[in-house]
Amino acid sequence: MKGFTTTEMKRFNYLIGETNAAYHEAAWKLGLSDSVMQILYAICNSGDNCLLGEICRLSGISKQTVNSALRKLEAEGMVYLENAGGKKKRVCLTVSGKKLAESTVVRLIDIENGVLDSWPEEEVEQYLRLTGKYLNEFREKIREL
């Protein structure tokens, strides 16, 4: 019967849930909310600034939640926003924001890189290829809904 989760999907969903829980634990241990961690993470992945729309897209956080967290970070002097043409806004780290990112999110990125660095190159490539393949096929099926 259609609609029931297969054993493989249960395992997959379990792993995704546990991965999300691990990132939540990391945010907590680093003294960050999940949304602040994801915002800082998106910015660090782009350098020291990132378009607001990209932060929403990459993090999966609603624009309202991102804006709320950004207001808090702005008030604390961690980020500032600048026009990026048209209605686009760029979120930039201040000197204090860069220090915060270094002591939190950059540590997490180093952990992630260390995990992948410990794997044989062919396993890293296989993992990334299969994850990308799943994502692309899943997105195609979502468009058909």
Side-chain angles (χ1 to χ4, degrees), residues 2-3 5-6 8-119 121 123-145:
K2 286 188 174 190
T5 305
T6 64
E8 293 81 10
M9 278 311 303
K10 285 180 184 177
R11 184 174 171 206
F12 180 77
N13 289 331
Y14 171 81
L15 291 171
I16 288 175
E18 287 297 309
T19 300
N20 289 338
Y23 278 95
H24 172 74
E25 180 180 357
W28 180 79
K29 285 186 171 189
L30 294 169
L32 302 173
S33 68
D34 291 341
S35 54
V36 166
M37 185 176 82
Q38 288 177 305
I39 289 167
L40 291 175
Y41 193 100
I43 294 170
C44 287
N45 264 348
S46 297
D48 62 0
N49 66 75
C50 188
L51 291 174
L52 176 58
E54 281 295 291
I55 292 172
C56 294
R57 187 181 70 76
L58 294 172
S59 68
I61 303 172
S62 72
K63 190 172 182 180
Q64 181 180 4
T65 300
V66 169
N67 283 327
S68 175
L70 284 176
R71 280 193 297 277
K72 180 179 180 269
L73 287 169
E74 263 188 307
E76 294 172 351
M78 300 297 163
V79 300
Y80 63 93
L81 276 68
E82 64 182 22
N83 286 327
K87 293 183 176 182
K88 293 181 180 178
K89 298 278 186 195
R90 183 177 313 282
V91 182
C92 305
L93 293 175
T94 64
V95 172
S96 296
K98 289 176 186 177
K99 288 179 184 175
L100 175 64
E102 283 289 329
S103 67
T104 58
V105 174
V106 171
R107 290 174 61 199
L108 182 61
I109 292 169
D110 287 344
I111 290 169
E112 293 169 328
N113 287 329
V115 169
L116 290 184
D117 287 345
S118 73
W119 294 0
E121 189 175 329
E123 287 184 9
V124 173
E125 184 52 42
Q126 181 181 29
Y127 176 76
L128 296 174
R129 182 180 53 77
L130 290 173
T131 302
K133 181 179 179 179
Y134 178 86
L135 176 60
N136 289 333
E137 290 181 28
F138 186 67
R139 281 184 173 151
E140 283 179 29
K141 298 296 182 187
I142 294 297
R143 285 186 199 106
E144 297 171 7
L145 286 177

Out of curiosity, [X] [atom1] to [Y] [atom2], how far, rounded to the nearest 0.5 Å?
X: Glu25; Y: Leu30; atom1: CD; atom2: CG; answer: 10.0 Å
X: Thr104; Y: Lys99; atom1: OG1; atom2: NZ; answer: 14.0 Å
X: Leu135; Y: Leu130; atom1: CG; atom2: CG; answer: 12.5 Å
X: Glu18; Y: Leu15; atom1: CD; atom2: CG; answer: 8.0 Å

Indicate yes or no: does Glu140 engage Arg143 in a salt bridge with an N to O separation below 4.0 Å.
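Between Arg143 and Glu140 there is no salt bridge, as every charged N stays at least 4.0 Å from the carboxylate O atoms.
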Between Lys72 and Glu76, is there a salt bridge with N-O shorter than 4.0 Å?
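The answer is yes: the pair qualifies as a salt bridge.
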Can you give me every donor-acceptor pair (side chain of residues 34-41, partner residue at least two apart or in another chain, under 3.5 Å) with its distance?
residue, atom, partner, partner atom, Å
Asp34, OD1, His24, ND1, 2.9
Asp34, OD2, His24, ND1, 2.8
Ser35, OG, Ser33, OG, 3.3
Tyr41, OH, Glu112, OE1, 2.5
Tyr41, OH, Glu112, OE2, 3.1

I need the full list of ring pair (Phe, Tyr, Trp, His ring centres under 6.0 Å) pairs touching residues 126-145, with sequence neighbours left out, sorted by first then second residue.
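Every ring pair (Phe, Tyr, Trp, His ring centres under 6.0 Å) pair that includes a residue of residues 126-145, provided the two are not neighbours, is Phe12-Tyr134, Trp119-Tyr127, Tyr134-Phe138.
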For side chain to side chain contact (heavy atoms under 4.5 Å, CB included), just list the numbers for Leu70 and Leu52, CA-CA rounded to whole Å, side-chain angles, deciding distance to a tenth of an Å, and then say yes or no.
CA-CA 10 Å; Leu70 284 176; Leu52 176 58; 3.4 Å; yes
Donor-acceptor pair, side chain of Ser118 and main chain of Val115, under 3.5 angstrom:
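The answer is yes, because a donor-acceptor pair under 3.5 Å joins these two groups.
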How close do Glu102 and Arg107 get, heavy atom to heavy atom, and via which atoms?
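The answer is O-CG, 3.7 Å.
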Who pairs with Ala101 by side chain to side chain contact (heavy atoms under 4.5 Å, CB included), at least two apart in sequence or on another chain?
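Only Cys44, Leu93 meet the side chain to side chain contact (heavy atoms under 4.5 Å, CB included) criterion with Ala101.
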Go through the structure and list residues passing side chain to side chain contact (heavy atoms under 4.5 Å, CB included) with Asn13, not counting sequence neighbours.
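Only Thr5, Met9 meet the side chain to side chain contact (heavy atoms under 4.5 Å, CB included) criterion with Asn13.
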What pairs of residues pass the side-chain hydrogen bond (donor to acceptor under 3.5 Å, both in side chains) test when at least one of them lies in residues 78-98, not counting sequence neighbours?
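Those involving residues 78-98 are Asp48-Lys98, Asn49-Arg90, Asn83-Lys89.
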If you look only at distance, which donor and acceptor atoms sit under 3.5 Å apart when one is on a side chain in residues 60-69 and the other is two or more places apart or in another chain?
residue, atom, partner, partner atom, Å
Ser62, OG, Thr65, N, 3.1
Ser62, OG, Thr65, OG1, 2.9
Asn67, ND2, Lys63, O, 3.2

